[in-house]
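All ligand and atom numbering here is 1-based and tracks the order in the structure. Nothing fancy with the numbering, it's 1 onward along the sequence.
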Amino acid sequence: MKKSVSALLEQAATACAQARKGVALTGAGISVESGIPPFRGKGGLWEKIDPMKYAHIDALENNPAEVWQVLFMGITEVLQRAAPNAGHTGLFRLEQMGVLQTIITQNVDGLHQRAGSGDVIEFHGTHAVLRCMGCHRRYDWQEVSLATVPPLCACGAFLRPDVVMFGEPIDIKLLQRSQRLAAGCDVMLVVGTSATVQPAAYLPVIAKRNGACIIEINPEPTELTHHISDVPLLGAAGTVMERLVARVAQLRQA
Ligand code: OAD
């Protein structure tokens, strides 16, 4: 028999209240309520631009000016207006309560850190910093003129945001740490990801195989919902997280 929404919420809250080594895996969906569009689905970025044409490392190497104009400047504009929402602050509250240890995020928007979260693994890098394609020197955006794009490093090579593009590997240390955390967690909260991009999408599988309870928050079913998620909570991250956190707090005090 299908469980009701409130029964699922109670199950999730109970698992969280008992957790000591919780980990969250987040994706673009958690930032939708902050005004940042996701990549896939209705209104998603990949509906407007072809990721293979603009978000692949080959595209950046072959045509940096176009990738800068279409992709990087567009993201910069959207991120400037964004602030953390109840999804981000809810995860911070779970950290404060001792439920969550670490957030592994596929997002490059820095909103978890702005919400207060202390241990955030930026699996796909960060848009907040620029990196030289030649000498790898890192720059703050304020240090760089965007009068013409791509901006150039003092060494003459061009700069790009320090994000992972398609065709690029995940930093091996971050990948290994994320896999270790997934294998050792007691609860994994999977929030706002379509779980279609590897290797991030495999982390909940590792957690599940090692006995963690997988709680998924997403308004739509995903690749994980039917076979991996123990507690699928259908809904927007902010709304669901507020209810979940309030109930975990009650259970922790009881
Ligand atoms: P996607 O755009 O693939 O998926 C976003 C997910 O968020 C979908 O499952 C939506 O149903 C869900 N969603 C939408 N609104 C939501 C809300 N208010 N609350 C909660 N969930 C919501 O984004 P990711 O899974 O993060 O990588 O995508 C993974 C990677 O693919 C990205 O990091 C990026 C992209 O290509 C690179 O660029 C390397």
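In this structure, a donor-acceptor pair under 3.5 Å is absent between the side chains of Asp162 and Thr126. No side-chain donor from either of Arg93 and Gln96 sits under 3.5 Å from a side-chain acceptor of the other. Donor-acceptor pairing under 3.5 Å is lacking for the side chains of Ser117 and His88.
In this structure, Phe123 has no heavy atom closer than 4.0 Å to ligand 1. In this structure, Pro219 counts as a contact residue of ligand 1, since one of its heavy atoms falls inside 4.0 Å of the ligand.
Under 4.0 angstrom from ligand 1, the non-hydrogen atoms of Val32 all belong to its side chain. In His124, the part holding a heavy atom less than 4.0 Å from any atom of ligand 1 is the side chain.
In this structure, the protein non-hydrogen atom closest to atom 19 (N) of ligand 1 is Ala237 N, 2.8 Å. Closest protein heavy atom to atom 10 (C) of ligand 1: Asn218 OD1, 3.5 Å. Looking only at protein heavy atoms, the nearest one to atom 16 (C) of ligand 1 is Gly29 O, 3.5 Å. Distance from atom 34 (C) of ligand 1 to its nearest protein heavy atom, with residue and atom name: Phe39 CE1, 3.6 Å.
In this structure, the separation between SG on Cys153 and CG on Leu159 is 5.5 Å, given to the nearest 0.5 Å. The distance from atom CZ of Arg243 to atom CG of Leu233, rounded to the nearest 0.5 Å, is 9.0 Å.
Among Asn85, Val164, Thr105, the residue whose heavy atom lies closest to atom 38 (O) of ligand 1 is Val164. For atom 28 (O) of ligand 1, the candidate residues are Arg40, Glu33, Gln198; the nearest heavy-atom contact is made by Arg40.
Close contacts of ligand 1 with Ala28, meaning ligand atoms under 4.0 Å from a residue heavy atom, involve 23 (O), 24 (P), 26 (O). Listed by number with element, the atoms of ligand 1 under 4.0 angstrom from any heavy atom of Trp46 are 35 (C), 36 (O). Heavy-atom proximity to Gly192, at under 4.0 Å, picks out these atoms of ligand 1: 5 (C), 6 (C), 7 (O), 20 (C), 21 (N). Each of the following atoms of ligand 1 lies closer than 4.0 Å to a heavy atom of Glu220: 11 (O). Counting atoms of ligand 1 from 1 in the listed order, those under 4.0 Å from a heavy atom of Gly27 are 26 (O).
Ion pair Glu223/Arg40 not flagged as a salt bridge, since none of the NZ, NE, NH1 or NH2 atoms sits closer than 4.0 Å to an Asp/Glu carboxylate oxygen. Between Lys42 and Glu47, none of the side-chain N atoms (NZ, or NE/NH1/NH2) sits under 4.0 Å from a carboxylate O, so this pair counts as no salt bridge.
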